[in-house]
Amino acid sequence: GVLSSLLYNFYINDLLLQLQKSGIGTTIGEIFVGSPVVADDVALTASPTNELQTLINTATNYSHCERYQFQPSKCEVTNLGHPDPTPVMFYIDNEPLSSADSISHVGLCHSNSSPTNNNIVTSKISQLHKTVYSLLGTGLHGWNGVGPKVALTIYKQYVLPRVLYGLNAVHLSKQQIKSLEDAHRRVVRQVQCLPERTAVAAVYLLAGILPFEGHLNLAQLGLFNNILHSDNSLLLDLTERQLAMKSFRSKSWFTNINLLCIKYDLPAISNLFLDKPGKGPLKVTIKRAVNKYWTMKLQADCADKSSLLFLNITGLNTYSCHTVWDTVAPNQHDVRRACTKAQLLTDTYVLQKHKAKFSVGKDVQESSTCTLCWTEEEDRLHFIIDCPALHQARAANLPIIAELVSCALSPTAWHRLSKDKITLLSIVLDHTSIPELKALHRDQHNQLEKQTRLLCYQLHVHRTQLINTLHGKGRAVARARK
C-alpha cells in the first residue's frame, strides 16, 4: 500500500539507531550518514572498508532478533572510491556477497568507473527514451497520434517524473544538464512535429513546458522544501552544518540550493530557516518563481528571432500551451492541420525562400522565386496571401474568417484590418498578436483558430498537388525528348 514504505521505516528504526550509535560508518563532519534508507532499500556505506563488515553484522544480528533474514543473493557490494589493491570479501551469515562494478540506489546507478555521475546521466537518458517508446501505443507521437496537448500532458505527468526521480539529490555539471536538455527538447519538438531548426524558445513556449533545467531546479527546490519542513533532526543538522561550512565555490548540494534561491529571486536559505513559511505556500512560491524566470528568458530569446515575427510572444508561458495546440480536436486530420500551421508560425515550413538559403555554396543553386506563379520570392506572405496559383484555397476560407472577425468586433473591422497584408498574415498565423482580437471569447478564439488552421492546411495541400503535377509534366517531357 501507499504507507508500506513509511511503515517499514518505522519497523527498522531501532536498527538505524543502532547503526548510528555504533561509532563507525560514513560521516559528514560528526553527522552519521552511513545508512540511507528509501522504502525497503537499505544502503550501508563505510570508509575504510573494514568497517562495512561490522555494519553488516549489526544489521544481520538485528534481523535475527526480529526473526527475518537478509537475502545475500539480493545484496551487492561496490567500491565507489579508489579500488583496493587487495579485494575484501563481505559476508551475511557466512555467505559471501557478490561484488559489482555499479549499484543502483534511489533510482540512480552509481559506478566505480564513473565517479562524475556520467553513468547516471546516461542511464537517465536511456530511461527517457525507453519510457517514451513504451507510450507510442497510446499515441505519444506526431502526425498520427493524439493531439500534441494530450501527448505533452502524458509526457509531463508520466515520463518526466521517472527521469527526474533521484536527480534532484545529486550535483550535475553544466555539460551533463545539457545532455539531458537535448534529449528532453528532442521529445518535445518531435511531439509537435517541428523540425530540428526550430528556435529552441519556440519549441518550449508553444508546448507550454519548462526546459529540463527548469524541471530539475523545480525538483531540487521541492526536495529542499521537504527537508525544511521535515522532522528528521539529522537532515536539519546536516543542512545547517553544510550551509555554515561550505563556500559558494563548493559542489555541495546545499550550496547549489543557495545559488538557485538567488537565481529565482527567492528568500535566502538562512532566512527560510529563521522564518519558516508553510510547506504549501512555499511550494506555490517556488513554482511561480521558476515559471516566471523561464517565461521571461524564453520570451527574450523569441524576440531576437526573425522567424518568430508573427508569434505573439507576450501571450506565451511555460505552463500552458499555445492556442495552436490548445484547440486541436482529437483526430488525425486536425492534428495534421495544426502541425502544418505550427511549422508556418515558426517559419520552418519549407518554401522556395528556404531552399535557396539552404542551397548556398552547393553545386546546384535553388531559386527563391515561387515555382507556381514565377512572380516573386516565395515566403510566408506570398504563400498565404499573394500567390495567384493558390487563390482557390484562399477564396474558400478567407470569407469565413472575415465573417468571424466582423461578427466578433464590428461590421467594418475586417475591411479595416485586411487592408494591410502583414496584419492579415498575422490574423492567419496567430490572431492573438492583434490587440483587438485578444478580447474575444473562448468560443470565438476557437472558431477563428480552427478556420485559419484549415486555411493553412488547404494551402499546403493545394501547393503540394500543383508542385507534384508540375514535376510529373517535367518528367514526361524529358522522356519524350529521349
Side-chain angles (χ1 to χ4, degrees), residues 148-149 152-153 155-157 159-161 163-164 167-168 172 174 177-178 180-182 184-185 187-189 191-192 198-229 248 253-273 275-305 308 311-326 345-346 430 432-433 435 438-439 442 445:
K149 181 180 179 180
L152 289 166
T153 301
Y155 177 72
K156 287 192 287 186
Q157 297 296 328
V159 180
L160 274 178
V163 177
L164 289 169
L167 284 180
N168 55 353
L172 299 176
K174 291 182 179 180
I177 294 176
K178 182 180 180 302
L180 290 162
E181 186 74 62
D182 292 342
H184 169 67
R185 183 174 63 250
V187 174
V188 176
R189 177 177 53 76
V191 166
Q192 299 178 89
T198 308
V200 173
V203 171
Y204 291 129
L205 289 177
L206 285 178
I209 191 171
L210 288 167
F212 189 85
E213 184 179 353
H215 283 289
L216 178 62
N217 294 162
L218 198 59
Q220 290 170 328
L221 290 168
L223 177 58
F224 173 72
N225 188 17
N226 292 338
I227 294 173
L228 186 64
H229 294 89
F248 275 93
W253 184 86
F254 294 97
T255 300
N256 184 48
I257 295 298
N258 234 338
L259 294 174
L260 290 181
C261 288
I262 296 172
K263 176 179 179 179
Y264 293 113
D265 197 22
L266 293 168
I269 295 181
S270 56
N271 294 336
L272 291 174
F273 265 97
D275 183 20
K276 286 187 180 180
K279 186 176 181 180
L282 182 56
K283 180 179 180 181
V284 173
T285 301
I286 290 172
K287 189 173 183 180
R288 286 177 178 172
V290 172
N291 278 307
K292 179 182 178 182
Y293 174 88
W294 286 105
T295 296
M296 293 177 63
K297 180 176 176 60
L298 294 173
Q299 285 179 348
D301 291 344
C302 282
D304 297 333
K305 306 293 183 183
L308 306 179
L311 184 63
N312 179 24
I313 299 173
T314 57
L316 299 175
N317 54 63
T318 55
Y319 50 86
S320 60
C321 61
H322 186 267
T323 312
V324 71
W325 302 133
D326 192 39
L345 183 59
T346 56
D430 188 357
T432 61
S433 61
K438 283 184 178 180
R442 183 172 179 83
H445 271 296

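- Residues F212 and D182 form no side-chain contact, since every pair of their non-hydrogen atoms from C-beta on lies 4.5 Å or further apart.
- The two residues Y155 and P161 have their closest heavy-atom pair at O-CD, 4.5 Å.
- The CG atom of N217 sits 11.0 Å away from the CG atom of N168 when rounded to the nearest 0.5 Å.
- In K438, the NZ atom is crowded: over 12 heavy atoms of neighbouring residues, nucleotides or ligands sit closer than 6.0 Å.
- Annotation: side chain of Y264 is in contact with side chain of W294 (closest heavy-atom distance under 4.5 Å).
- Going from atom CD of Q299 over to atom CG of N317 covers 8.0 Å, rounded to the nearest 0.5 Å.
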Checklist line | Residues L228, L282; criterion side chain to side chain contact (heavy atoms under 4.5 Å, CB included); working and verdict | finding: CA-CA 10 Å; L228 186 64; L282 182 56; 3.9 Å; yes
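- Atom NZ of K156 has more than 12 neighbouring heavy atoms from other residues, nucleotides or ligands inside a 6.0 Å radius.
- Annotation: side chain of D301 is not in contact with side chain of V200 (no heavy-atom distance under 4.5 Å).
- Contact check for S433 versus L311: no side-chain heavy atoms found under the 4.5 Å cut-off.
- Among all heavy-atom pairs drawn from L218 and L210, the shortest one is CD2-CD1, 4.4 Å.
- Scanning all heavy atoms of the two residues, the minimum distance from V290 to L221 falls at CG2-CD1, 4.2 Å.
- Taking CG from D265 and CG from L260, the interatomic distance works out to 13.0 Å, rounded to the nearest 0.5 Å.
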Margin query: Apply side chain to side chain contact (heavy atoms under 4.5 Å, CB included) to residues L266 and T285 and explain how you reach the verdict.
Written below: CA-CA 8 Å; L266 293 168; T285 301; 3.9 Å; yes
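- Inspection of the K279 and N226 side chains reveals an N or O donor paired with an N or O acceptor under 3.5 Å.
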Item checked: Check against side chain to side chain contact (heavy atoms under 4.5 Å, CB included), F224 and I286 -> CA-CA 11 Å; F224 173 72; I286 290 172; over 6 Å; no
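- Annotation: side chain of N312 is not in contact with side chain of T323 (no heavy-atom distance under 4.5 Å).
- Considering only heavy atoms from C-beta on, L180 stays 4.5 Å or farther from L216 through its side chain.
- When each of K178, R185, K263, K297 is tested with E213 by the rule salt bridge (charged side-chain N to carboxylate O under 4.0 Å, His left out), just one qualifies, namely K263.
- For the residue pair T318/N291, the side-chain donor-acceptor check at 3.5 Å is satisfied.
- Between P211 and L298 there is a side-chain heavy-atom pair separated by less than 4.5 Å.
- Between atom CD1 of residue I209 and atom OG of residue S320 there is a gap of 12.0 Å, rounded to the nearest 0.5 Å.
- Looking at residues two or more places apart in sequence or on another chain, you find a ring pair (Phe, Tyr, Trp, His ring centres under 6.0 Å) between H215 and H184.
- What you find for Q192 and L206 is that their closest heavy atoms are OE1-CB, 3.4 Å.
- Using a 3.5 Å distance cut-off with no hydrogens or angles, the side chains of D430 and H322 do pair a donor with an acceptor.
- Around atom OH of Y319, no more than 12 heavy atoms belonging to other residues, nucleotides or ligands sit under 6.0 Å away.
- Using a 4.5 Å heavy-atom threshold, the side chains of L205 and C302 count as touching.
- Residues forming a salt bridge (charged side-chain N to carboxylate O under 4.0 Å, His left out) with E181 (at least two apart in sequence, or on another chain): none.
- Taking every heavy atom of both residues into account, Q220 and L167 meet most closely at NE2-O, 4.4 Å.
- Note: I269 CD1 to I227 CD1 = 9.5 Å, rounded to the nearest 0.5 Å.
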